[in-house]
Amino acid sequence: MPEGDTVWRSARELHAALGGQTLTRCDIRVPKFATTDFSGSTVTDVVSRGKHLLIRLGDPENGWLLHSHLKMEGLWHVYGRGERWRRPAFKARCILETEQKQVVGFDLGFLRVLPRAEEDDAVGYLGPDLLGPDWDAAEALRRLEAVPERPIGLALLDQRNLAGIGNVYRCEICFLAGVHPLTPVGEVTNLPRIVDLSKRLLEANKSRSRRITTGNRTRDPLWVYNRETRGCLRCGTKVAHELVGDNELELRDLYYCPHCQPATQVQHP
C-alpha cells in the first residue's frame, strides 16, 4: 500500500518527466474537473507532501495545482509517447502529456484542481514531512506529546503529527522500538527514539522498490506486519492481529508481537 516513501518516489519520477515541460495534452477523468484543460501550461515541479502528491503548474500566485492522494490502490505511471499502458484505460483518472512523455494516474483515491495560492489550505494541516526539506523532529515530537492519552499506534498514523507513516511502518516502528502499539503516548519512554526511527526507516526505503525493515533484501523484509500466520521474525511468537482505529469507520489492521512488545498500560479505543 502506498506510504510516504512510495509517494516520494512517484513525485521524483513525475518531476523528471514533467518538470519544466509544457503540457500538450491534459485529460482529467474526474467529473467535477472533466472540462479542465491545462494544455499549453508549464509544469513547474512535482513534489510529495507526506502521502499527498502535488503537480504545480505556472507561478505561485496565478498558477494551478493538481492535488492527488493514492489512498489504497492508486498509482502514477510514466510512459514514453505511444507506449502501451500497464493498467486498463478505464482505471485512468488523469492523463498528462508532453512532447516526450505521458503520465497517467490510475485508481487515484482523489484528484482535485485548485489555485496554487490555496496549497497551504490543502496540505498545511499536515505535520512535519518525514521525507521533506522542512522535516522538524522537535515539532513532530511536540505534536505527538500533545495528546498523551492516545495510543502510540494511532498517533503515528495521524498525518497531523508527522506526515508519511502508513500502516506497515507504524507496525514495524512500534516493533523495532519494543513498544506495544496500544500504549498511551504519555507512557512511552523512548518517544524521541521512535521519531528518529521513523525518519531513518523512510529515508532508508525511499529509493527502494521493496519496503524493508529487517535488512533482509531477499526474504522476510518485515518483522511483524502481515505475519499473523508465520509468527514474529525475531522470536517466533504468534503475531497478534487486531482491527484498531479512532472509530468504527477508521479501523485498520494492527500487528504486534506480544513477547517483544509486552503490554504495560494499554488502552483499546
Side-chain angles (χ1 to χ4, degrees), residues 1-14 48 50-53 69-78 86-87 106-107 109 129-132 135 137 140 151-159 161-183 188 190 193-245 251-262:
M1 64 186 67
E3 302 198 18
D5 53 348
T6 302
V7 182
W8 184 91
R9 285 194 302 275
S10 292
R12 185 174 63 167
E13 185 180 14
L14 265 60
S48 61
K51 298 182 183 182
H52 299 251
L53 191 143
H69 195 295
L70 303 180
K71 296 293 186 179
M72 297 294 290
E73 308 256 334
L75 45 79
W76 285 94
H77 282 178
V78 175
R86 298 189 299 277
R87 290 289 188 277
F106 296 97
D107 287 326
D129 185 350
L130 285 154
L131 296 178
W135 167 244
I152 183 63
L154 294 183
L156 287 174
L157 209 56
D158 190 336
Q159 303 301 296
N161 292 329
L162 58 173
I165 292 177
N167 204 27
V168 177
Y169 277 122
R170 69 96 170 252
C171 295
E172 295 294 292
I173 288 166
C174 287
F175 173 83
L176 289 167
V179 174
H180 192 290
L182 297 182
T183 303
V188 176
N190 57 347
R193 177 172 178 259
I194 287 177
V195 172
D196 178 66
L197 181 61
S198 301
K199 169 69 170 175
R200 289 191 287 116
L201 272 182
L202 265 75
E203 285 285 354
N205 281 286
K206 69 182 184 181
S207 296
R208 295 172 177 164
S209 59
R210 187 187 192 196
R211 190 171 295 130
I212 300 170
T213 63
T214 63
N216 191 327
R217 293 176 178 269
T218 56
R219 52 183 300 190
D220 296 325
L222 304 173
W223 293 100
V224 292
Y225 184 81
N226 204 27
R227 291 187 61 89
E228 72 272 29
T229 61
R230 291 172 290 169
C232 169
L233 188 60
R234 176 181 290 163
C235 71
T237 299
K238 180 177 175 59
V239 168
H241 174 223
E242 300 184 35
L243 290 175
V244 177
L251 297 178
R252 302 285 299 277
D253 294 295
L254 182 67
Y255 301 90
Y256 60 91
C257 174
H259 178 263
C260 297
Q261 300 165 262

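What you see is a predicted model; the values in this text were computed from it and never measured.
- Taking each heavy atom of Met72 and Pro2 in turn, the nearest pair found is O-CD, 3.4 Å.
- Here Arg9 contributes atom CZ and Leu53 contributes atom CG; the two are 12.5 Å apart, rounded to the nearest 0.5 Å.
- When every heavy atom of Ala140 is checked against every heavy atom of Val195, the shortest pair comes out as CB-CG1, 4.3 Å.
- Panel note: side chain Glu228, backbone Ala240; no donor-acceptor pair is recorded below 3.5 Å.
- Within the 4.5 Å cutoff, no side-chain heavy atoms of Glu3 are placed close to those of Asn205.
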#### Entry: Stepwise side chain to side chain contact (heavy atoms under 4.5 Å, CB included) test for Tyr256 and Cys232
CA-CA 8 Å; Tyr256 60 91; Cys232 169; over 6 Å; no

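- With sequence neighbours left out, Ser209 forms a side chain to side chain contact (heavy atoms under 4.5 Å, CB included) with no residue at all.
- Here the side chain of Glu172 pairs a donor or acceptor atom with the backbone of Val224 at under 3.5 angstrom.
- Leu201 places none of its side-chain heavy atoms less than 4.5 Å from the side chain of Arg211.
- With sequence neighbours excluded, the residues satisfying side chain to side chain contact (heavy atoms under 4.5 Å, CB included) with Ser198 are Leu130, Leu156, Leu162, Ile165, Ile173, Ile194.
- Side chain of Gln159 to backbone of Gly50: no donor-acceptor contact under 3.5 angstrom is found.
- A search for side-chain hydrogen bond (donor to acceptor under 3.5 Å, both in side chains) contacts involving Asp220 returns Arg227, not counting sequence neighbours.
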### Task
Check the pair Asp5 / Tyr169 against side chain to side chain contact (heavy atoms under 4.5 Å, CB included), numbers first and verdict last.
CA-CA 10 Å; Asp5 53 348; Tyr169 277 122; 2.7 Å; yes

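- Scanning all heavy atoms of the two residues, the minimum distance from Trp8 to Ser48 falls at CA-OG, 3.7 Å.
- Note that the CG atom of Leu222 and the OG1 atom of Thr214 stand 7.0 Å from one another [nearest 0.5 Å].
- Using a 4.5 Å heavy-atom threshold, the side chains of Asp107 and Arg87 count as separate.
- Pairing each heavy atom of Gly4 with each of Leu202, the nearest pair is CA-CD2, 4.3 Å.
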#### Entry: Evaluation steps, side chain to side chain contact (heavy atoms under 4.5 Å, CB included), between Leu14 and Val78
CA-CA 7 Å; Leu14 265 60; Val78 175; 3.9 Å; yes

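- The side-chain heavy atoms of Ile152 and Cys174, taken from C-beta on, include a pair separated by under 4.5 Å.
- Residues satisfying the side-chain hydrogen bond (donor to acceptor under 3.5 Å, both in side chains) criterion with Glu13, sequence neighbours excluded, are absent altogether.
- For Asp253 (side chain) and Asn167 (main-chain N/O), no donor-acceptor pair under 3.5 Å exists by modelled atom type.
- Trp223 meets the ring pair (Phe, Tyr, Trp, His ring centres under 6.0 Å) test with Phe175; sequence neighbours excluded.
- Qualifying side chain to side chain contact (heavy atoms under 4.5 Å, CB included) partners for Asp129, counting only residues two or more places apart in sequence or in other chains: Arg49, Leu131, Asp134.
- Here Arg193 pairs with nothing under the side-chain hydrogen bond (donor to acceptor under 3.5 Å, both in side chains) rule; sequence neighbours left out.
- For the pair Thr237 and Pro258, the tightest heavy-atom approach, listed with the atom from each and the gap, is CG2-CD, 4.1 Å.
- For Asp196, the salt bridge (charged side-chain N to carboxylate O under 4.0 Å, His left out) criterion is met by Arg200, not counting sequence neighbours.
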### Task
Tell me, with the steps shown, if Leu70 and Trp76 meet side chain to side chain contact (heavy atoms under 4.5 Å, CB included).
CA-CA 9 Å; Leu70 303 180; Trp76 285 94; 3.8 Å; yes

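- Taking the ring pair (Phe, Tyr, Trp, His ring centres under 6.0 Å) definition, one finds that His241 meets it with Tyr255, sequence neighbours left out.
- No side-chain heavy atom of Pro181 sits less than 4.5 Å from a side-chain heavy atom of Arg170.
- Applying the salt bridge (charged side-chain N to carboxylate O under 4.0 Å, His left out) criterion to Glu203, with sequence neighbours excluded, gives Lys199, Lys206.
- By the side-chain hydrogen bond (donor to acceptor under 3.5 Å, both in side chains) test, His69 pairs with no residue at all, sequence neighbours left out.
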